[in-house]
Amino acid sequence: MHFDPSIAAQQALHRAEEADELGDLREEIVDAEETFSSSAGQEATEAFERLQSSGERLPDARFFQEFLIYITWQQVTEVTIPRYFQKGAELCDRFLERFGKELDGSDTLRQVRNIRSSFRGGLGDGEDATPAEFDEDAFKGGD
């Protein structure tokens, strides 16, 4: 990867707060993120799961969904198990499906594609199960 997921996560969460994406969950999310960022082990894993649960309740919060992708990579580096690689790949796929068109050519789009390749690589899917040409066609309407 050519970027730091932990820095990207902080930036995405900040943008989510600025865009008022978090709504009534803001305090809960900020508390869970502080715990996730400042602890390790079971406590961090529980905070990670709380953040993911919040993400399920905020599917249209683009910056927050981006944040979840990056913290999932952080979780993978802490607890390297297939479940987190799978979760990360799923988050990336969902993000690209929902927001890919509006992000065409952006750094965010490149970063999410890049990290998706890393998640899939961790699952043994090789470089990336979906060729870049497919992504480009899918977001521009295909042939």
Side-chain angles (χ1 to χ4, degrees), residues 1-125 127-132 134-142:
M1 270 180 270
H2 302 294
F3 68 98
D4 183 335
S6 62
I7 292 171
Q10 291 303 311
Q11 292 170 340
L13 183 60
H14 180 70
R15 283 187 234 117
E17 289 181 279
E18 285 182 338
D20 199 28
E21 289 184 345
L22 308 179
D24 295 341
L25 299 177
R26 184 189 179 286
E27 190 173 320
E28 178 182 327
I29 288 169
V30 168
D31 288 344
E33 191 284 325
E34 287 174 3
T35 301
F36 178 75
S37 293
S38 65
S39 60
Q42 186 62 32
E43 186 177 24
T45 297
E46 289 172 3
F48 171 79
E49 295 299 338
R50 286 195 318 269
L51 289 164
Q52 294 295 331
S53 176
S54 295
E56 294 296 323
R57 295 163 52 192
L58 298 169
D60 295 321
R62 181 175 72 86
F63 296 118
F64 188 63
Q65 293 299 317
E66 182 183 351
F67 164 78
L68 294 175
I69 291 168
Y70 301 138
I71 68 163
T72 302
W73 184 256
Q74 292 174 267
Q75 185 68 10
V76 160
T77 62
E78 183 71 25
V79 183
T80 308
I81 60 174
R83 179 172 72 118
Y84 295 132
F85 284 100
Q86 183 64 42
K87 179 67 174 177
E90 289 170 2
L91 287 170
C92 289
D93 289 344
R94 191 173 5 177
F95 183 87
L96 292 170
E97 183 178 311
R98 180 166 278 149
F99 305 111
K101 287 181 185 176
E102 68 188 67
L103 296 173
D104 190 35
S106 70
D107 287 340
T108 297
L109 185 61
R110 282 188 289 280
Q111 287 177 184
V112 171
R113 285 181 176 163
N114 190 296
I115 203 166
R116 178 180 64 172
S117 293
S118 296
F119 284 127
R120 288 188 176 167
L123 291 168
D125 289 344
E127 181 64 25
D128 190 345
T130 307
F134 172 80
D135 283 340
E136 291 169 13
D137 286 348
F139 298 126
K140 294 181 181 170

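None of the values given here were measured: they were computed from a predicted structure.
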Task: Carboxylate-amine/guanidinium contact Glu21 Arg62, below 4.0 Å - done: no
Task: Over all atoms of both residues, closest heavy-atom pair of Leu68 and Gly55 - done: CD1-CA, 3.4 Å
Open item on the list: Checking side-chain polar atoms at under 3.5 Å, does Gln52 have a donor or acceptor matched by the opposite partner on Glu56?
Closed with: no
- [ ] Return yes if some donor-acceptor pair links the side-chain N/O of Glu46 with the main-chain N/O of Ala32 below 3.5 Å, else return no.
- [x] no
Open item on the list: For Arg116, is there an ion pair with Glu97 - N to carboxylate O distance below 4.0 angstrom?
Closed with: no
Task: Short side-chain to backbone donor-acceptor contact, Arg98 and Pro59, under 3.5 Å - done: yes
Open item on the list: I need the Phe3 CZ to Asn114 CG distance, nearest 0.5 Å.
Closed with: 5.5 Å
- [ ] List the atom of Ser54, the atom of Glu28, and the distance in Å for their closest heavy-atom pair.
- [x] OG-OE2, 3.5 Å
Task: Results of side-chain contact (heavy atoms from CB on, under 4.5 Å) for Glu27 - residues two or more places apart only - done: Asp31
Open item on the list: Measuring only between side-chain heavy atoms, which start at C-beta, is Glu102 closer than 4.5 Å to Thr108?
Closed with: no
Task: Nearest atoms (heavy-atom pairs only) where Glu78 meets Ala40 - done: OE2-CB, 3.9 Å
- [ ] For the pair Phe99 and Phe95, name the ring-plane relationship: parallel under 30°, tilted 30 to 60°, perpendicular over 60°.
- [x] tilted
Open item on the list: Are Phe67 and Tyr70, when compared by the centres of their aromatic rings, separated by less than 6.0 Å?
Closed with: no
Open item on the list: Nearest 0.5 Å, please: how far is CG in Leu58 from OG in Ser53?
Closed with: 9.5 Å
TODO: Would you tell me whether Gln10 and His14 have side-chain atoms, one donor and one acceptor, within less than 3.5 Å of each other?
DONE: no
Open item on the list: Assess the residue pair Arg57 and Asp24 against the criterion (salt bridge (Lys or Arg N to Asp or Glu O under 4.0 Å)); give the C-alpha distance rounded to whole Å, side-chain angles, the decisive distance to 0.1 Å, and a yes or no.
Closed with: CA-CA 11 Å; Arg57 295 163 52 192; Asp24 295 341; over 6 Å; no
- [ ] Report yes if the side chains of Lys87 and Gln75 come closer than 4.5 Å at any heavy-atom pair, otherwise no.
- [x] no
- [ ] May I ask you to check whether over 12 heavy atoms, not counting those of Asp60, lie within 6.0 Å of atom CG?
- [x] yes
Task: Closest heavy-atom pair and its distance - Ser39, Glu43 - done: CB-OE1, 3.4 Å
TODO: Please check if the side chain of Thr45 supplies one atom and the backbone of Gly41 the other of a donor-acceptor pair under 3.5 Å.
DONE: yes
Task: 4.5 Å side-chain heavy-atom contact, Pro82 and Tyr84 - done: no
TODO: Looking only at non-hydrogen atoms, find the nearest pair between Arg110 and Gly105 and report the distance.
DONE: NH1-O, 2.8 Å
- [ ] Answer yes or no: is there a side-chain heavy-atom contact under 4.5 Å between Phe119 and Thr72?
- [x] yes
- [ ] Check whether any side-chain heavy atom of Phe63 lies under 4.5 Å from a side-chain heavy atom of Leu13, and answer yes or no.
- [x] no
Open item on the list: Could you tell me if the side chain of Leu103 sits less than 4.5 Å from the side chain of Val112, heavy atoms only?
Closed with: no
Task: Minimum heavy-atom distance between Asp4 and Ser6, given as atom pair plus value - done: OD1-OG, 2.6 Å
